[in-house]
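For reference, the structure is listed below as structure tokens.
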Amino acid sequence: MTSDTLIQVLLSGLLMGLIYGLVAVGLSLIFGLMDVVNFAHGEFLMIAMYVMFGLVVFSGIDPLVMTPLAVGALFVLGALTYVGVIRHAMRAKANVGMVQIFATFGLAITMRGVAQYFLTPNYRSLPESLLGGKTVALAGIVLPLPQLAGGLISLAAFGALFALMTRTDLGRALEATREDAGAVALVGIDKDREFMIGWGIGAALIGLAGSVLAIFYYIYPDVGAPFAVIAYITVVLGGFGSIFGALLAGVVVGLAEAAMTLVAPPAMKSIGIYILFLAVVIFRPRGLFGKF
């Protein structure tokens with residue numbers, strides 16, 4: 001194995017890790033805000049990819065240009081999901097945790113079934129785009145341009161999210177609601193409104209991730225399942241509710257996956273992720289970082 005091969009593999013793992021972090025951060029944000037694990041997270045990703053596919057096919061405009069529309073559509077979907085499903089599940093008078101789990105799990109099954117019925121299980125891909133199928137060479141290292149752009153978009157998204165949470169009144173209201181959802185009403189903060197916005201932001205982030213993945217990944221009703229598993233592992237590694245933890249853990253997961261391809265067949269690349277996951281669960285069950 002040459003040094004160029006090693007660098008090539010690790011850089012590819014780094015770029016995918018940044019995208020994994022973007023896939024996971026919406027899940028982490030929602031859990032940190034209201035202690036709800038969204039078991040329909042993968043299906044939101046699937047919907048985002050289909051939304052991008054539809055926008056590009058019907059408009060003929062490059063997916064990079066259509067990304068804000070896809071992100072906005074997922075924000076609306078996330079907000080409506082809270083209003084129509086999650087808000088009622090949180091008001092259950094008994095077994096609230098189980099009600100929330102089964103509500104999002106049932107939502108996932110419904111979303112996937114509807115997609116299979118109306119969109120068929122066929123694999124689809126976006127038409128030719130500005131980034132699709134292109135590469136860039138850096139000091140002899142060849143990197144896929146879609147993944148490189150996805151990594152940069154992920155970093156920009158994390159920077160914007162961090163600024164939102166720490167530098168704006170909305171972010172402070174979300175943080176206050178996370179700390180004590182009951183007490184915030186005393187200072188005029190509407191808990192339901194903040195939760196709705198939080199779900200919208202979380203879904204918008206997965207919309208951004210889905211828009212990036214749609215450029216170089218096949219689109220089909222079950223596409224969200226493998227990414228959802230990676231997202232759950234990433235959130236556990238980074239620490240439930242930690243935004244920075246999701247970013248760092250995504251990078252670690254991407255590097256672990258890439259490193260595994262150096263010592264095992266590609267079909268076994270996920271083993272490295274699960275080994276790392278078990279090690280963290282055993283030795284540091286709180287994850288790498290605390291809550292945001």
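Remember, predicted model here, so these are calculated numbers, not experimental data.
- Salt bridge E175/R172: absent, no basic N to carboxylate O contact under 4.0 Å.
- Formation of a donor-acceptor pair under 3.5 Å by the T261 side chain with backbone atoms of A258 is found in this model.
- Side chains of Y218 and R124 form no contact here, defined as non-hydrogen atoms less than 4.5 Å apart.
- When all heavy atoms of P146 and I215 are compared, the closest pair comes out as CB-CG2, 4.0 Å.
- Sequence neighbours left out, not one pair with a member in residues 93-102 passes side-chain hydrogen bond (donor to acceptor under 3.5 Å, both in side chains).
- Classification of the H41-Y232 ring pair by plane angle, with boundaries at 30° and 60°, yields tilted.
- The pair D192-R91 counts as a salt bridge, with a side-chain nitrogen and a carboxylate oxygen less than 4.0 angstrom apart.
- Considering all non-hydrogen atoms of both residues, A149 and L131 come closest at CB-CD1, 3.6 Å.
- Two residues are said to be in side-chain contact when any heavy atoms from C-beta on lie closer than 4.5 Å; V85 and L80 fail this criterion.
- The aromatic rings of F31 and F240 sit tilted, their planes meeting at an angle between 30° and 60°.
- By the ring pair (Phe, Tyr, Trp, His ring centres under 6.0 Å) test, Y274 is found to be paired with no residue, residues two or more places apart in sequence or in another chain being considered.
- In terms of heavy-atom proximity, G78 sits nearest to A203 at CA-CB, 3.6 Å.
- For I141, the side chain to side chain contact (heavy atoms under 4.5 Å, CB included) criterion is met by D4, I7, Q8, L11, L143, not counting sequence neighbours.
- The ring pair (Phe, Tyr, Trp, His ring centres under 6.0 Å) test with Y123 is passed by exactly one of F53, Y220, Y217: Y220.
- L33 approaches G198 most closely through the heavy-atom pair CD2-CA, 3.6 Å.
- Although no hydrogens or angles enter the test, the distance criterion places no donor-acceptor pair under 3.5 Å between the side chain of R87 and the main chain of T81.
- Listed here is the closest heavy atom pair of A249 and T234: CB-O, 3.3 Å.
- When every heavy atom of V36 is checked against every heavy atom of I30, the shortest pair comes out as O-CG2, 3.7 Å.
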